[in-house]
Amino acid sequence: MSCGMIQTDNYFSSSSWISRSESSESLSRLDLVSPHQCPTEPMMTLEDLRSQYNSCYTCGVSWSDNHVSLDCGECGGYSLERPCPLCDGKCRMAWRRDISMSHSVGKAHWEGECALSVNDRPAVPAFLAEDVLVQGLEDLSTSS
């Protein structure tokens, strides 16, 4: 909501359709409204927005302050950078968090490339090994 102040010049003071007493009475009513009486909404600064964007929407920790929740899927155990997930950091490359994708799906997403050749990498990355084992066990239990 915005508030303003109306200033009058003497343009209408000589007009026949408004008398001076009506004009001053209207102005005295307008004087009762001051900019201090207008309800103001809390405003977020650009820094506040940046801080909120660089934080986990699920658990609320601040990734930009290197905080992380180990049991939160959106955090994924790391803040804004993590060692290469394809070789468990053996290539010494850091992957950066895809913040917008992490926020939109509620699960950690990373961007980067492994510096090791395909032959030097593990066949199944460590972060997928548990999922692969679980899927294998489920396949065994449903087929027997």
Side-chain angles (χ1 to χ4, degrees), residues 1-13 15 17-18 20 22-144:
M1 173 184 279
S2 61
C3 296
M5 176 182 256
I6 299 176
Q7 292 182 338
T8 61
D9 50 11
N10 291 329
Y11 181 76
F12 290 111
S13 62
S15 175
W17 59 274
I18 188 168
R20 200 173 266 285
E22 289 173 342
S23 174
S24 61
E25 183 179 319
S26 297
L27 285 176
S28 66
R29 288 185 190 150
L30 285 175
D31 289 341
L32 295 175
V33 178
S34 75
H36 302 293
Q37 293 175 339
C38 293
T40 58
E41 297 175 10
M43 294 185 59
M44 291 185 76
T45 65
L46 185 58
E47 193 60 37
D48 293 336
L49 289 172
R50 184 176 293 133
S51 175
Q52 183 178 10
Y53 183 70
N54 287 326
S55 297
C56 179
Y57 287 176
T58 304
C59 69
V61 298
S62 173
W63 294 325
S64 57
D65 293 333
N66 284 327
H67 297 167
V68 65
S69 177
L70 298 176
D71 60 346
C72 174
E74 188 177 350
C75 286
Y78 297 92
S79 58
L80 293 174
E81 288 188 348
R82 68 160 296 165
C84 174
L86 298 178
C87 66
D88 289 327
K90 291 181 180 127
C91 71
R92 297 183 183 234
M93 295 297 294
W95 285 34
R96 293 180 185 257
R97 178 181 294 279
D98 182 343
I99 297 173
S100 62
M101 184 62 85
S102 294
H103 286 322
S104 65
V105 297
K107 187 175 179 184
H109 278 263
W110 305 96
E111 295 177 341
E113 292 186 25
C114 183
L116 295 179
S117 68
V118 177
N119 296 334
D120 293 336
R121 292 184 212 159
V124 178
F127 74 97
L128 291 177
E130 184 178 318
D131 292 340
V132 171
L133 290 174
V134 169
Q135 183 62 42
L137 289 172
E138 288 174 357
D139 290 345
L140 283 174
S141 65
T142 56
S143 63
S144 39

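Sequential numbering from 1 along the given sequence is applied to the chain's residues. Just the heavy atoms: all of them, side chains too, but no hydrogens, waters or symmetry mates, feed the values below.
Inter-residue side-chain proximity for S100 and Y53 is flagged as met; some heavy-atom pair is nearer than 4.5 Å. No side-chain heavy atom of D120 sits less than 4.5 Å from a side-chain heavy atom of C87. Using a 4.5 Å heavy-atom cutoff, the side chains of E113 and M93 are not in contact.
Here the CG-CG distance, from N54 to L49, works out to 11.0 Å after rounding to the nearest 0.5 Å. S55 contributes atom OG, which lies 8.0 Å from atom CH2 of W63 (distance to the nearest 0.5 angstrom). Between S64 atom OG and I99 atom CD1 the span is 8.5 Å, to the nearest 0.5 Å. Residue D98 holds its CG atom at 7.5 Å from OG of S104, rounded to the nearest 0.5 Å. Distance check, rounded to the nearest 0.5 Å: CG of L116 to CG of L86 gives 9.5 Å.
When each of R97, H103, K107, H109 is checked for a side-chain hydrogen bond (donor to acceptor under 3.5 Å, both in side chains) with E74, only H103 meets the rule. Evaluated for a side chain to side chain contact (heavy atoms under 4.5 Å, CB included) with C75, the options L70, V61, T58 yield exactly one hit, V61.
The heavy-atom pair separating W95 from C114 by the smallest distance is CZ2-N, 4.0 Å. For V68 against G77, the heavy-atom pair with the smallest separation is CG2-C, 3.4 Å.
Between E111 and R96 there is no salt bridge, since none of the side-chain N atoms of the basic residue sits less than 4.0 Å from a carboxylate O of the acidic one.
Side-chain contact check for T45 and D48: at least one donor-acceptor pair (N or O, by modelled atom type) lies under 3.5 Å. In this structure, a donor-acceptor pair under 3.5 Å is present between the side chains of D71 and S69.
Ring planes of W110 and Y78: perpendicular class, angle over 60° (limits at 30 and 60°).
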